[in-house]
Amino acid sequence: MSSAFIAVDIGASSGRLIVGWLESGQLKMEEVHRFKNAMTTNGEHFYWDIDGLFSEIVVGLGKASELGKALKSIGVDTWGVDYVLVDDEGNRVAPVYAYRDHRTDATMDKVFDIVGKDNLYAKTGIQFMQFNTLFQIYEHMKSSADDLEKASSIMLVPDYLHFKLSGVVSNEYTNASTSQMLNVAARDWDEELIAMTGAKASLFQKPIEPGTILGDIKEDVANEAGVDTIKVIAPATHDTGSAVVSVPALESDFAYISSGTWSLMGIESDVPLTEGKAAEYNFTNEGGALGTYRVLKNLSGLWLIQEVARMYDGKYSFAEFVVMAEETPSCGSLIRPEDERFLNPDNMIEAIKDYCKETGQAVPETPGAIARTIFESLACLYRSTIEEIREISEQPINRIHIIGGGCQNKMLNRLCADYTECEVYAGPIEATAIGNLMMQMIAIGEVNDLKEARKIIHESFGIETYAPSMDAAVQAHYETFKNLGKQLI
């Protein structure tokens, strides 16, 4: 019986447990459990139901055991920045704030006044985003310092779920790097930044590398799920870290877009890029698997269309929005997806319409027109990001790999090729889970290294290719986008 591994992949809207194994040199997978995830609110703040997420993992473990596979290990990946405070008894001491909570809306400037914006970027190499862990903890100390006094450890979300599985407290490197509290040169927590927040340095564990075997699953968890003893392995616990592992590239001349709620767009680098225009353009240097860095930008992604769908009360599926957008002639209107108004508005449709009014553009009125405006705006954002990457790095970019659930949006894939003038390769869809599984296989010794992992992925999944059309109208549309930046950003 071949060894099988369990990837727990949780995003902002859903989670899933996928069992994977190697068969005749190819990766085979089966999804055994899928569940919803969503922010909750008390009317003032937004939170994650972390205990509910762990309960779903246990349910999924039980389903995985019914496959009849020889389960070897389990590993969890999630989004970054959000954290859990735990006391000496292993109990959670505070709710888990969600990164879209508004408590940090005005925090960055406060922190810049204390440590200096340039100094902060030089230390961390991390993109400034208002929800980074540094800003969250700063506000947490201001409002509820007792929570951090009671705590004995701080773990990011996947660390905490690994703790619940294994009993081992850890901070995994790829996710810790998203916090803007990790020193990019030392690859360890920055004591000055921790002190600035007022938190205790003892709350933080020395970061472990992705692929670290934490130990065996706890007996009580195994009994509840009905599984035998298996290993708990920390993959690249940041979902983009795992997703980038799955890029099916055999050469290094690529950029990637991990496409989902966010569009994480960048390159894989052997060294961090923190000098010159990297800081001006607000690039991030997050930790990657096996000694690499993810030089990228967190770009607004399909959150925009997800929120539009919500405003229509789920009347249209995402696939239907794509069809309607393709059938709707472009009205020429664009938004800047990175504008703060689109981070978490009460009504995304009205936010888009208001933006177009303020910038003197035609206002998209129909679902198809709104969707087309979003997709064309995202394609413009991809192009501007590629141009910036080419300024800060000498690495050649001849192709773009779009991975993750968003790669199913054929219209956006085609627009990406047209606007960036690069060939686009779309797939695999379950990129994050695939990278998670591969890191577990590397840790156990079933796969040798990243190069072999990518070769297996390349041979296991169908990849669609899109060639740029080189349409002159695209350039004119992109000029409109750039001028919008001068008006409002």
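The structure presented is a predicted model; accordingly, all values stated were derived computationally and were not measured.
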Is any side-chain heavy atom of [X] less than 4.5 Å from a side-chain heavy atom of [Y]?
X	Y	answer
T124	L193	yes
Q361	Y355	yes
D77	P158	no
K277	E388	no
R294	S177	yes
P248	H401	yes
I386	I400	yes
F321	V308	yes

Partner residues of [X] under the side-chain contact (heavy atoms from CB on, under 4.5 Å) criterion, sequence neighbours left out:
X	result
F318	I305, Q306, A309
A289	P210, V245, M439
D346	none
D49	D51

Aromatic plane relationship, [Y] with [X] - under 30° parallel, 30 to 60° tilted, over 60° perpendicular:
X	Y	answer
F135	F112	perpendicular
F254	Y256	tilted
Y121	F128	tilted
Y99	W262	tilted

Taking NZ, NE, NH1 and NH2 as the nitrogens, is one of them in [X] or [Y] under 4.0 Å from a carboxylate oxygen of the other?
X	Y	answer
K482	E479	yes
E209	R187	yes
K297	E338	no
E452	K455	no
K451	D449	no
E307	R100	no
E23	K28	no

What is the minimum heavy-atom distance between [X] and [Y], and which atoms define it?
X	Y	answer
A379	L412	N-CD1, 4.3 Å
G211	A443	O-CB, 3.2 Å
A351	P345	CB-CB, 4.1 Å
L378	S300	CD2-O, 3.1 Å
L304	P337	CD1-CB, 3.9 Å
A371	A325	CB-CB, 3.9 Å

Between the side chains of [X] and [Y], does any donor sit under 3.5 Å from an acceptor?
X	Y	result
E423	N398	no
E376	S330	yes
E139	Y97	no

task = Only one of N171, V96, V157, I137 passes side chain to side chain contact (heavy atoms under 4.5 Å, CB included) with Y83; say which it is.
result = I137
task = Take V244 and S258, measure what side-chain contact (heavy atoms from CB on, under 4.5 Å) needs, and give me the verdict at the end.
result = CA-CA 7 Å; V244 173; S258 180; 5.7 Å; no
ask   = Should N298 and L264 be marked as a side-chain contact (heavy atoms from CB on, under 4.5 Å) after you check the CA-CA gap, both sets of side-chain angles, and the distance that decides it?
value = CA-CA 5 Å; N298 270 1; L264 294 306; 2.3 Å; yes
task = Name all pairs fulfilling the salt bridge (charged side-chain N to carboxylate O under 4.0 Å, His left out) condition that reach into residues 6-19, sequence neighbours left out, sorted by first residue then second.
result = D9-R16
query = What do the steps show when you test I126 against E286 for side-chain contact (heavy atoms from CB on, under 4.5 Å), and what is the final call?
reply = CA-CA 7 Å; I126 294 297; E286 295 172 355; 4.0 Å; yes
Return the set of residues passing side chain to side chain donor-acceptor pair (under 3.5 Å) with [X] (not counting sequence neighbours), or none when no residue passes.
X	answer
S179	none
E430	R34
N344	none
Q395	none

With sequence neighbours excluded, residues passing ring-ring contact (aromatic ring centres under 6.0 Å, His included) with [X]:
X	value
Y466	none
Y382	none
H162	none

task = Output, in order, the C-alpha distance, side-chain angles, deciding distance and verdict of side chain to side chain donor-acceptor pair (under 3.5 Å) for Q127 and N132.
result = CA-CA 9 Å; Q127 179 181 1; N132 289 347; over 6 Å; no
query = Would the number of heavy atoms belonging to other residues, nucleotides or ligands and lying under 6.0 Å from NZ of K410 be above 12?
reply = no
request  = Might you confirm whether atom NZ of K117 has over 12 heavy atoms from other residues, nucleotides or ligands at distances under 6.0 Å?
outcome  = no
task = Begin from the C-alpha positions of Q180 and M108 and carry the test side-chain contact (heavy atoms from CB on, under 4.5 Å) through to its verdict.
result = CA-CA 12 Å; Q180 203 151 51; M108 288 201 297; 5.8 Å; no
Inter-residue atom distance M311.CE - M348.CE, 0.5 Å rounding = 8.5 Å
inquiry  = Measuring from atom OG of S333 to atom NE2 of H477, what distance do you get when rounded to the nearest 0.5 angstrom?
reply    = 7.0 Å
